[in-house]
Amino acid sequence: MNYNLLFLWFVGLSVDDIVWNHSTFSKNRDRLLEHEVIPALFKEIVEMAHKKNLLNYEHFSVDGTLIQAWASRKSFRSKKVGDDDEKPGGGRNKGRDFRGEKRTNDTHASTTDPDSRIYKKSQGSEAKLGYLGHTTMDNRNGLIVNAKVSLATGTAERETALDVLSELPGSKPKTVGADKGYDTRGFVESCRGLGVTPHVAQNGKRPGGSAIDGRTTRHTGYQASLKVRKRIEEGFGWGKNIGLIRQIKVRGLDRVNEVFDVTFIGWNLTRMKNLQNQSVL
């Protein structure tokens, strides 16, 4: 900003104005977190979409994605003092040999970002320090009505989805589409207890078989939900390629959640603009 006139113009500074000190941004970011400005703005954008008749609040999809933490795997140390000493090596970033060492979230934690967890999104994938980001999509136009970050655990996706579904407004019957990871009897029964029909992809390899039976699969709406729910991945792709959630550059659950919300505020505004342009055409 000290040399690029376009940047100065964009933020409303003249050529002679003094550019703010870098610490100003950090202080303002903390104020946004303290006063919960970002969640309020997210709700305002969703309400704006509702007023423009871009939401129906009847058919939804849920999914989660792994957000890589701003911490290296070398920082994942034993919680016992003196039980995880480094091997001798040169420089500040000394080498580590993890072969034969069993490391779990119960016994180890990151010294750089203690809220992050070691996690695999799928079998055969690389374990990374990270968080889980969850979104709830309105199936009508692919807008995100809720975005939330949780600690990376094996049950976080289903637990967060149930929390969000219980808070959805309106008394009309609702459906929720989801992938095979949500095909558990606990999740399916909890959805039905909330008055939400679970349109979850069947996992035939699950011990005991799928929790979804003919009561659900016989309806044409089930197949429609399975097809539409895949659009939720578009938001994650946008957030990781254009947004800031591929590898988050802040630390701590609250700050990661703030960046996640900002990212999907951007996604919703972009999506709404495109939808309005289509209606004009």
Side-chain angles (χ1 to χ4, degrees), residues 46 54-67 117 119-125 130-240 245 260 264 267-268 271:
V46 173
L54 297 175
L55 302 174
N56 67 8
Y57 282 115
E58 293 180 30
H59 305 292
F60 299 91
S61 295
V62 293
D63 203 358
T65 189
L66 178 62
I67 304 170
R117 299 287 185 271
Y119 187 81
K120 282 185 178 183
K121 190 65 173 72
S122 59
Q123 291 292 333
S125 62
Y131 298 85
L132 284 179
H134 314 269
T135 58
T136 304
M137 179 187 75
D138 181 272
N139 286 359
R140 180 178 182 182
N141 285 312
L143 294 170
I144 302 301
V145 298
N146 189 285
K148 186 178 294 187
V149 175
S150 73
L151 300 181
T153 69
T155 59
E157 289 193 40
R158 297 187 292 274
E159 291 171 351
T160 304
L162 290 173
D163 288 342
V164 172
L165 291 173
S166 66
E167 298 171 357
L168 291 175
S171 57
K172 293 182 179 180
K174 298 178 178 63
T175 67
V176 59
D179 61 31
K180 293 180 180 180
Y182 295 81
D183 186 10
T184 66
R185 300 204 181 279
F187 180 78
V188 169
E189 291 173 2
S190 295
C191 283
R192 289 174 176 152
L194 294 172
V196 179
T197 303
H199 287 177
V200 177
Q202 291 180 296
N203 183 5
K205 297 181 180 180
R206 177 183 171 278
S210 174
I212 300 295
D213 54 33
R215 290 179 297 170
T216 303
T217 58
R218 63 190 177 89
H219 295 288
T220 57
Y222 174 74
Q223 297 301 329
S225 289
L226 291 187
K227 183 177 180 180
V228 175
R229 71 165 181 83
K230 298 177 182 178
R231 294 176 60 186
I232 201 169
E233 297 289 351
E234 296 177 9
F236 291 142
W238 187 92
K240 292 188 175 183
I245 63 171
F260 195 70
F264 283 96
W267 164 259
N268 280 343
R271 183 78 185 130

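Computation of the quantities below employed the complete heavy-atom set of this structure, encompassing side-chain atoms and omitting hydrogens, waters and symmetry-equivalent molecules. Position 1 is the first residue of the sequence, and the numbers go up from there.
- In this structure, Tyr182 OH and Ile212 CD1 are separated by 13.5 Å, a value rounded to the nearest 0.5 Å.
- In this structure, the side chain of Arg271 does not engage the main chain of Gly142 through any donor-acceptor pair within 3.5 Å.
- Taken to the nearest 0.5 Å, the CG atom of Leu194 stands 6.0 Å off from the OG atom of Ser166.
- Asn141 contributes a side-chain N or O that, together with a main-chain N or O of Leu54, makes up a donor-acceptor pair within less than 3.5 Å.
- For the side chain to side chain contact (heavy atoms under 4.5 Å, CB included) criterion with Phe60, the lone passing option out of Val228, Leu168, Thr175, Asn146 is Leu168.
- The closest side-chain heavy-atom distance from Val164 to His134 is not below 4.5 Å.
- With respect to Asp138 and Arg140, no salt bridge is recorded, no charged nitrogen being found less than 4.0 Å from a carboxylate O.
- Counted by atom type alone, Ser225 and His59 present zero donor-acceptor pairs between their side chains at under 3.5 Å.
- Taking both residues in full, the closest heavy atoms of Phe187 and Ala161 are given as CE1-CB, 3.9 Å, listed atom of the first, atom of the second, then distance.
- To the nearest 0.5 angstrom, Ile144 atom CD1 is 7.5 Å from Thr136 atom OG1.
- Side-chain contact between Lys172 and Tyr57: absent, with no pair of heavy atoms (C-beta onward) separated by less than 4.5 Å.
- Tyr222 is not listed as a side-chain neighbour of Thr197, based on a closest heavy-atom distance of 4.5 Å or more.
- With sequence neighbours excluded, the residues satisfying side-chain contact (heavy atoms from CB on, under 4.5 Å) with Lys180 are Ala201, Asn203.
- Residue-environment remark: NZ (Lys120) exceeds the threshold of 12 foreign heavy atoms within 6.0 Å.
- Phe260 places a side-chain heavy atom less than 4.5 Å from the side chain of Thr135.
- Here the side chains of Ile245 and Tyr131 are not in contact, with every heavy-atom distance at 4.5 Å or above.
- Judged by distance alone, the side chains of Thr216 and Arg192 do bring a donor and an acceptor atom under 3.5 Å apart.
- The line from CD1 of Ile67 to NZ of Lys121 is 11.0 Å long, rounded to the nearest 0.5 Å.
- The backbone N or O of Val188 sits nowhere less than 3.5 Å from a side-chain atom of Arg158 that would complete a donor-acceptor pair.
- In this structure, Arg229 and His199 have side chains that are not in contact, with every pair of non-hydrogen atoms separated by 4.5 Å or more.
- Here the straight-line distance linking atom CD of Glu233 with atom NZ of Lys240 works out to 8.5 Å at 0.5 Å rounding.
- Residues meeting the side-chain contact (heavy atoms from CB on, under 4.5 Å) test with Arg117, sequence neighbours left out: Asn105, Leu151, Ala152.
- If you take OG1 on Thr217 and CD on Gln202, they are separated by 5.5 Å, rounding to the nearest 0.5 Å.
- Closest heavy-atom contact between Ala211 and Asp183: N-OD1, 2.9 Å.
- Between Leu226 and Ala178, the shortest heavy-atom distance links the atoms CD2-O, 4.4 Å.
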